[in-house]
Structures are given as structure tokens and as C-alpha cells.
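Note on naming: letters A, B, ... go to the chains in the order of the sequence lines (proteins, then strands), and numbering restarts at 1 for each one. As the structure is a computational prediction, the values presented were derived from the model and not from experiment.
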Protein chains: 2
Amino acid sequence: MTGMLKAKPRGDRFVPPPKLPPPTPVVDLSPAEMRLAQDLLFFGYREFTSVADKVLEELGLGRAHHRALHFIGRNPGITVSDLLAILRITKQSLARVLNALIDQGYVAQAPGFEDRRLRLLTLTDAGQALEQRLFDAQRDKLVQAWCEAGPQAVEGFQTVMRALMDRGARAYIDGTGPAEDA
Amino acid sequence: MTGMLKAKPRGDRFVPPPKLPPPTPVVDLSPAEMRLAQDLLFFGYREFTSVADKVLEELGLGRAHHRALHFIGRNPGITVSDLLAILRITKQSLARVLNALIDQGYVAQAPGFEDRRLRLLTLTDAGQALEQRLFDAQRDKLVQAWCEAGPQAVEGFQTVMRALMDRGARAYIDGTGPAEDA
DNA sequence: GAAATAGGTCAGCAATATTGACTTACTTGG
DNA sequence: CCAAGTAAGTCAATATTGCTGACCTATTTC
């Protein structure tokens, strides 16, 4: 507390800046901050998914169908096992939505080339169109939020969300983005 | 397209800087960026909720119970109507979880002072303890992510998530944070 | 006293998830 | 070639969480 007495007159030559440099160089880990994050994740995620839900409702599909369409669309030729590993649901849960999507002509199956036990999943033209429609709804929401928040905030958002994920999800994200692997 | 021919030699006097100033002052609205955001929200939200789900599972409770505990804890004395407005579920859906929480001694009801039709909801001591336990699990996750991402990213995360929410949710967030209204 | 409001309740339905057991088809390794 | 392992499909049963619509009680308000 000896620093409390430093503010003695030095000849009026030096005037300190009115505000400290950048906000604060340490993370605010207060309960209030954590509570806010809880709320932000709940409300933000709800809003984000709801815009796609409206489209799905017209077609009698649910959020689970959307997820399957999304990950098949992004990973054409994915196997059932790999899709299960991404979604982390049981085979039975996936079967229900997958059969519905196949019956309604949104998803196609093809046996693997080298291993014919595999069923490689792809979107049909109708499936791509539907996935695009769902994506557009969410994209509109994101575009609005992105423009409202600014590019720096978007980068921070991505950093935090990635830090929130577990290793498996990070590995998926890293492999699926720029490389467009296969 | 006349600008295409501007790059003629000017005497080797002027050397342009090797890199453009800050990253980019505009938002990247490419499909790749939007796809990434979809994945980040899905995986991040799943991970965030899963840490609380583990605790809930021990007690035979679900995510719906957690949400009710959370919003009652943050808004002591909230009415059933207001809770329904926040959660945006039906009276019947709330009644199921609310009755379970009351039966198990986590939530207490009291008639309103001026309007005795109202049932003001509060957490019992056990309810506060449980909510705290659930909060701690999610807080640990957030602390890890916060520290990994840094304070600037956290601010960006908050900005984006807020921009994603609808007006009703923003109004709730604004009223529930620093003011601790009532 | 009638109408509106806050809340509770009942019956039934749908979507999504779970577990466990079993079958079929195919690949692999001794 | 045959046995074991793997990928996938399926069946039956169950739980959670949401929905609708109808109806009831207590209380406030006009």
C-alpha cells in the first residue's frame, strides 16, 4: 500500500492518460461473468436452432434430421459408424432419422468400394436442396449477428467456442474446415 | 476494369508494405465461415451442457429441471407465468419438472403479497446447493475455456452471442445482470 | 356479480434419446 | 476354408421433454 502516496505533484509537466490502455489483460472469472455465459449460451443456441426448426416443421422433420443432413452434407461418403461417432447418439437413434431421410429421398446409400460392409452416405439433390435451405435460414441469422458484432468479436467467439469443445470435436473441426479432406 | 493496367513501373521509388494493416476490417461472411459457426455452436453447446448432465443423471433429473433451477435461482420470487415466458415452453411441460422439483424439496412456493393468485418460486437450501453444484461443473468448463481463449476473445464471444439472441432474450439479459433488479 | 387472470391438472400424442439382444453381410487371419 | 471380428440393420421396451386441448379453482378487477 506504499504506492498510495505516489501521486505527489511533479511540476505539472507529466499528465497521465485518462484511461488505462486496453480493457484488462486478465480474464474476469467472477460468478456474474459465468452466469452471463450460461444465459448467453442458452438463449443464443435456442435462437440459432429455432430458425431452422421453423423450416423443419413444415416438412414434419426434427432437429435430429437436420443434424444428420448437416454432417452428411459436409462429409459426403461418410460411414454410419463415423456419423455415430460425431453425433454421439446410439445406432438406434440414428437409424430412426436416417431411415426417414432415406425413405423421403434426402439421403442415398452406397456400399464401400474396398469394404462392402460399409454404407457410404450422401445427400441426394433433394437432400442438398433441403440442407441448403436450412443452412440459409441459419446463415441469415449469423450474418445479422456477425455484422452487428463486428469481425473482432467473431474471432473471439470462434476462439471461445473452440476452447469449450472437447478434443474429439476439435479434431473434427480441424479436419473438416479448410482442407476439405474426403 | 480499366484499373487492370495501373501496375506499370514508376521508378522503383515506392515499395508497398508487405502486409495490409490490421487483419481485415470487414466481416467474413463466406459459407465456410458460416459452416464453421454451425459446428462450433453445436459442439460447444453440447460440451457445455454435458458437464451438468452428468450431475443430473445421478439424481434422476434432466436438463429441463436444470433450466428451471437456474432461472428460479437467478430470479428468486419469480412467478410461474414469468418463468414460462423465459423458457418458452407450455404450462404442462413446466408443471412436470416443477412438481418434481417441489416434491423433492428443491423449490418452494409462496403466494404473492398483493396478488394472492401468484405463486412466487424460490429455491430451498437444497435447491440452492444443487444449483450451485450444477453451476460449478459448468463454471469449471468455462474457466478452462476462458483462460485458454483470453479476455479479448471472451468479450467477442459475449458480443456475438448477444447479437444472436432475439429481443426478448436480450431484454432478460439486460435486466438480470448488474442491476440485480427483482 | 361477471369477466379476466394466475395457476393447476388430466388425457393423449410426438420426437428424441436410451439399453440390450439379435441378425445379416462382409472381411480378416490362422 | 473356416472362425472370429466388424459394419450395419432391426426389434422391443423405456425415459425425457416437448406439444395440444380441455377443464377446474382461486383471486382480482371492472
Tell me the interatomic distance from [X], atom [atom1], to [N], atom [atom2], rounded to whole angstroms.
X        : N      : atom1 : atom2 : result
B/Ile78  : C/dG7  : CD1   : C1'   : 15 Å
A/Arg63  : C/dA17 : CZ    : C1'   : 14 Å
B/Gln109 : D/dA26 : CD    : P     : 15 Å
B/Arg46  : C/dT16 : CZ    : P     : 17 Å
B/Asp82  : C/dA6  : CG    : P     : 9 Å
B/Leu118 : C/dA4  : CG    : P     : 19 Å

Does the pair [X]/[Y] count as a salt bridge with the N-to-O cut at 4.0 Å?
X        : Y        : result
B/Glu47  : A/Arg170 : no
A/Arg46  : B/Asp166 : no
A/Arg162 : A/Asp174 : yes

State whether B/His65 places a side-chain N or O below 4.0 Å from either non-bridging phosphate oxygen (OP1 or OP2) of D/dT17.
yes
Does D/dT6 have OP1 or OP2 under 4.0 Å away from a side-chain N or O of A/Ser81?
no
Using the ring of each side chain (for Trp, its six-membered ring), is A/Phe71 parallel, tilted or perpendicular to B/Phe43, with breaks at 30° and 60°?
tilted
Same hydrophobic cluster for B/Val55 and B/Tyr45, using side-chain heavy-atom links shorter than 4.5 Å among ILVMFWY?
yes
Please answer: with hydrophobic residues joined when any side-chain heavy atoms are less than 4.5 Å apart, are B/Ile102 and B/Val80 in the same cluster?
yes
Take nucleotides 23-30 of chain C nucleotide by nucleotide from the 5' end and write B, S or -, depending on whether a protein heavy atom sits under 4.0 Å from the base, only from the sugar-phosphate, or from neither.
--BBS---
Does anything in residues 84-101 of chain B reach DNA chain D, meaning a heavy atom under 4.0 Å, and if so which residues?
B/Arg88, B/Ile89, B/Thr90, B/Gln92, B/Ser93, B/Arg96
Walk me through whether A/Glu33 and B/Gln158 qualify under side-chain hydrogen bond (donor to acceptor under 3.5 Å, both in side chains).
CA-CA 10 Å; A/Glu33 193 87 348; B/Gln158 291 170 348; 2.9 Å; yes
Heavy atoms, side chains only, cut-off 4.5 Å: are B/Asp136 and B/Leu134 in contact?
no
Tell me if the CD atom of A/Glu57 is crowded by more than 12 foreign heavy atoms within 6.0 Å.
no
Would you mind classifying the nucleic acid contact of A/Glu57 as base, sugar-phosphate or nothing, using non-hydrogen atoms under 4.0 angstrom?
nothing
